[in-house]
Amino acid sequence: MTTTTTSTAFTVTEREQRRSPEEIGAILENPGFGNVFTEHMAMIEWDKGQGWHDARVAPYGPIPLDPSAAVFHYGQEIFEGLKAYRHEDGTVWTFRPERNAERLNASARRLALPELPPTMFLDAIKEVVRLDQAWVPPAGSGETSLYIRPFMIATEEALGVRPSNRALFSVICSPAGAYFAGGLKPVSLWVSEKYVRAAPGGTGAAKCGGNYAASLASQAEGIENGCDQVVFLDAQEHLAVEELGGMNLFFVYADGRIVTPELTGTILPGVTRSSLIELARERGLTVEERRFTIDEWRDGVASGQISEVFACGTAAVITPVGRLAWNGGELTMPDTHEVSLSLRQELLDIQYGRAEDRHGWLYQLV
Ligand SMILES: *Cc1c(COP(=O)(O)O)cnc(C)c1O
């Protein structure tokens, strides 16, 4: 192995046997989502005494951990998700990564994990993507990208219940195919009445594995009821629409208004959500961030006032919602997706460098 130290103080240890361009090309033909990982990963250690140290890029592989490591017992874990996009000229860019760095730190504060300086977050991503740049799918191959998954875990070896005195931050990458490989398909949503995702004062606004663990039983219930995903309501009254397990929701009105649930502390502040709010406002649409009830949803669709419903997040960008089902009923959304699809296209064009980056949202990696 060749070991070098970069200007950013990452020690880089390259894999001796790199995959051939042919092998990588074959994988990129049909990568799916989150099944194949690139050849390297970034790691930065933290402990209470030294702070962040030992920043390195190493061959992708298992992380040895003591069975008593805090993450295994008390779930101190947070993560992020963003993508690298290849432009026509071969350069590679990511989208608003400073937002992910800030959000990681907001999650860290809530989960009593250490905050990571945003420059380290950005450098870790740059290091891995540069080394594994052959894994970023070529331009013009549809909506393909390299999915970047930064995460942080508590590694202290102790069963005492308290914030861990040691942590590990890591970045892994996985090539991602077009989310809608077979064409855009509206999703059906199950209204969870038995379970909630987040309660006031809880961890709903943090991007943590625990929220996902807690959503899996309701997700299974949704699938049993013939739906793709679950929509969660507020924990107190079960009336206000919050979000899906991993995507934010928007309601488009026929009169040009758009409503999205306001960030009350129980909703994850999506980067896609905030970007779409800006793009919609620039088009002259009125975007209302407010409490929005399940009854408004049902009545709005029934009366024809709501013309489109969509979910959004980094993975799918925008997914139209086609159907809403609950214990005892269901409702079909209108079959119009004009606003959803045009906002989706506008955001994709910015991300893939086909439209001007008016907002300075792009960040060059390679
Ligand atoms: C990550 C996530 C989103 C979407 O956030 P983006 O930054 O747009 O990818 C929405 N809801 C939840 C619960 C999430 O974890």
Side-chain angles (χ1 to χ4, degrees), residues 33-34 75 77-85 94-108 110-111 118 121 125 143 145-152 171 173-174 176 179 187 189 192 195-199 202-219 222 228-235 240-250 260-280 287 289 292 309-319 321 340 343-344 346-348 350-351 359 361-363:
F33 182 80
E77 187 268 358
I78 56 178
F79 67 94
E80 273 303 323
L82 60 170
K83 284 174 168 176
Y85 310 89
T94 189
F95 185 75
R96 308 185 81 179
E98 308 85 357
R99 287 293 187 111
N100 299 89
E102 280 166 26
R103 190 170 66 187
L104 180 87
N105 283 340
S107 302
R110 183 63 186 84
L111 275 285
F121 179 90
I125 290 172
E143 292 169 20
S145 61
L146 184 69
Y147 184 78
I148 304 167
R149 169 55 59 87
F151 63 101
M152 195 193 295
V171 176
C173 299
S174 171
Y179 194 85
V187 291
L189 303 181
S192 181
Y195 303 106
V196 293
R197 193 191 83 90
T203 57
K207 207 167 175 76
C208 62
N211 288 344
Y212 280 72
S215 75
L216 297 176
S218 37
Q219 176 68 21
D228 304 306
Q229 298 213 30
V230 170
V231 52
F232 291 98
L233 304 179
D234 77 279
V241 175
E242 300 215 307
E243 61 170 316
L244 311 190
M247 281 197 262
N248 297 117
L249 278 170
F250 282 76
T260 190
E262 65 187 324
L263 302 176
T264 53
T266 52
I267 292 176
L268 200 285
V271 179
T272 317
R273 174 188 180 278
S274 110
S275 308
L276 290 173
I277 290 174
E278 275 193 56
L279 294 181
V287 182
E289 292 181 74
F292 180 84
V309 181
F310 66 82
C312 70
T314 296
V317 193
I318 281 182
T319 309
V321 174
S340 320
L343 282 172
R344 185 171 197 278
E346 185 177 356
L347 190 53
L348 283 169
I350 295 171
Q351 291 170 333
H359 312 84
W361 283 344
L362 297 188
Y363 181 95

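In this text the structure is predicted, and so the values were computed from the model without any measurement. Start at 1 and go down the list; that is how both ligands and their atoms are numbered. In what follows, every heavy atom counts, from backbone to side chain, and hydrogens, waters and symmetry copies are set aside.
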Sidechain-backbone polar pair: E243 side chain, L268 backbone, donor-acceptor under 3.5 Å =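 Pair found, side chain donor or acceptor close to backbone of L268.
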
Main-chain N/O of C312 paired to R344 side chain as donor or acceptor, under 3.5 Å =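 Absent.
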
Output all residues satisfying ring pair (Phe, Tyr, Trp, His ring centres under 6.0 Å) with F151, sequence neighbours left out; order by chain, then residue number.
->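 Per chain and number, F151 pairs via ring pair (Phe, Tyr, Trp, His ring centres under 6.0 Å) with no residue.
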
What does the N/O contact table under 3.5 Å look like for ligand 1?
residue  : atom   : partner : partner atom : Å
ligand 1 : 7 (O)  : R103    : NH1          : 2.8
ligand 1 : 7 (O)  : R103    : NH2          : 3.2
ligand 1 : 7 (O)  : V271    : N            : 2.8
ligand 1 : 8 (O)  : V271    : N            : 3.3
ligand 1 : 8 (O)  : T272    : N            : 3.0
ligand 1 : 8 (O)  : T272    : OG1          : 2.6
ligand 1 : 9 (O)  : T314    : N            : 2.9
ligand 1 : 9 (O)  : T314    : OG1          : 2.6
ligand 1 : 11 (N) : E243    : OE1          : 2.5
ligand 1 : 11 (N) : M247    : N            : 3.4
ligand 1 : 15 (O) : K207    : NZ           : 2.7
ligand 1 : 15 (O) : Y212    : OH           : 2.5

Minimum heavy-atom distance Y85-S145, with the two atoms named = CD2-CB, 4.3 Å

With a 3.5 Å cut-off and sequence neighbours excluded, list the donor-acceptor pairs that the side chains of residues 204-213 form with protein atoms.
residue : atom : partner : partner atom : Å
N211    : OD1  : T203    : OG1          : 2.7
N211    : ND2  : T203    : O            : 2.9
N211    : ND2  : A206    : O            : 2.9

Taking side-chain hydrogen bond (donor to acceptor under 3.5 Å, both in side chains) as the test, write out the residues that go with R103, two or more places apart.
-> E80

